[in-house]
Amino acid sequence: MSNPEIRLLSFDFDCPDPGELARFYGEALNLPVLYRSDDFVLLGREGAPGLGFVRQAGFRPPAWPDPAHPKQAHLELGVDDLDAAQERMLALGAVLPSFQPRPDAWRVLLDPAGHPFCLSTHGV
């Protein structure tokens, strides 16, 4: 039995409005739209993994940091300046939750659909 090549195509987010969430991440990460339909938008660059946004009826966002409905996954975005990056993401439509476990090292924000993501200076 041979080992088939397995590669990441995209990391997909459930959301109520794929176009709006794709706009947010597309502007934040400077990623173009590769594919668009009413129920799915894919951002990325040809030949590289992308970010997908899938319409889900009755979508319920995670409730950061509520353990009864926690995040299941999140994006970690590398930045050089936490304050400047936070300001930019807030201007694009992110929300800053009150609970910040280590604001000196990283910031937790919520995208327009409520998914938590982090801005971090680690690894940059």
Side-chain angles (χ1 to χ4, degrees):
M1 177 181 240
S2 67
N3 287 329
E5 179 183 336
I6 299 173
R7 64 191 182 284
L8 178 64
L9 295 178
S10 65
F11 186 90
D12 296 346
F13 290 91
D14 292 347
C15 60
D17 185 343
E20 176 58 23
L21 204 53
R23 180 211 56 80
F24 173 79
Y25 281 109
E27 288 184 30
L29 301 172
N30 194 29
L31 290 174
V33 172
L34 294 176
Y35 175 82
R36 178 185 303 269
S37 73
D38 289 343
D39 295 321
F40 181 73
V41 178
L42 179 65
L43 300 177
R45 302 200 192 296
E46 290 296 331
L51 292 177
F53 307 95
V54 183
R55 183 181 312 278
Q56 291 295 323
F59 172 76
R60 279 188 36 202
W64 171 260
D66 181 0
H69 195 68
K71 63 179 175 46
Q72 292 84 29
H74 71 279
L75 290 176
E76 190 84 16
L77 305 176
V79 301
D80 293 325
D81 182 322
L82 283 171
D83 292 329
Q86 175 180 305
E87 184 177 321
R88 177 160 188 256
M89 298 307 281
L90 292 173
L92 290 173
V95 173
L96 181 68
S98 59
F99 179 69
Q100 295 292 320
R102 291 265 326 268
D104 58 317
W106 71 84
R107 308 282 167 79
V108 178
L109 291 109
L110 307 176
D111 71 20
H115 302 105
F117 66 94
C118 292
L119 301 175
S120 174
T121 56
H122 295 122
V124 280

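Throughout, residue positions are numbered sequentially from 1 according to the sequence presented. Below, all heavy atoms of this structure are taken into account, side chains as well, without hydrogens, waters or symmetry copies.
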When you group the ILVMFWY residues by side-chain heavy-atom contacts below 4.5 Å and let the links chain together, are [Y] and [X] in the same group?
X      : Y     : result
Tyr25  : Phe59 : no
Leu110 : Leu51 : no
Leu42  : Phe13 : no
Leu92  : Val41 : yes
Leu90  : Val79 : yes

Requested in this report: Please say which of Asp12, Asp111, Leu43 ends up in a side-chain contact (heavy atoms from CB on, under 4.5 Å) with Phe53.
Outcome: Leu43
Give the minimum heavy-atom separation between [X] and [Y], together with the two atoms involved.
X      : Y      : value
Val108 : Cys118 : CG2-SG, 4.0 Å
Arg45  : Pro32  : NH1-CD, 3.1 Å
Ala113 : Cys15  : CB-CB, 4.0 Å
Leu82  : Thr121 : CG-CG2, 3.8 Å
Met89  : Ala28  : CE-CB, 3.4 Å
Pro116 : Pro62  : CD-CG, 3.8 Å

Are the side chain of [X] and the backbone N or O of [Y] linked by a donor-acceptor pair below 3.5 Å?
X      : Y      : answer
Trp64  : Phe99  : yes
His74  : His115 : no
Arg107 : Pro103 : yes

Reported [atom1]-to-[atom2] distance for the pair [X] and [Y], which is rounded to 0.5 angstrom:
X      : Y     : atom1 : atom2 : value
Arg88  : Asp81 : CZ    : CG    : 13.0 Å
Gln86  : Leu96 : CD    : CG    : 5.0 Å
Leu109 : Leu77 : CG    : CG    : 9.5 Å

Query raised in the report: Where do Gln100 and Trp106 land on the side chain to side chain contact (heavy atoms under 4.5 Å, CB included) test, with the steps shown first?
Result: CA-CA 8 Å; Gln100 295 292 320; Trp106 71 84; 5.7 Å; no
Query - With Gln56 via side-chain hydrogen bond (donor to acceptor under 3.5 Å, both in side chains) - residues at least two apart - result: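 Gln56 satisfies side-chain hydrogen bond (donor to acceptor under 3.5 Å, both in side chains) with no residue once adjacent residues are dropped.
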Report task. Please assess Arg23 against Glu20 for the test side chain to side chain contact (heavy atoms under 4.5 Å, CB included), listing each intermediate value before the final yes or no. Result -> CA-CA 5 Å; Arg23 180 211 56 80; Glu20 176 58 23; 2.8 Å; yes
Requested in this report: Could you tell me how the ring of Phe40 sits relative to the ring of Tyr35: parallel (under 30°), tilted (30 to 60°) or perpendicular (over 60°)?
Outcome: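 Taking Tyr35 first and then Phe40, their aromatic rings sit tilted (interplane angle of 30° to 60°).
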Report task. Using the salt bridge (Lys or Arg N to Asp or Glu O under 4.0 Å) rule, collect all pairs that involve residues 47-73, keeping only residues at least two apart or in two chains. Result -> Asp39-Arg55
Query raised in the report: Would you say the side chain of Leu21 lies within less than 4.5 Å of the side chain of Pro112, judging by non-hydrogen atoms?
Result: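 Side chain of Pro112 against side chain of Leu21, heavy atoms only: contact under 4.5 Å found.
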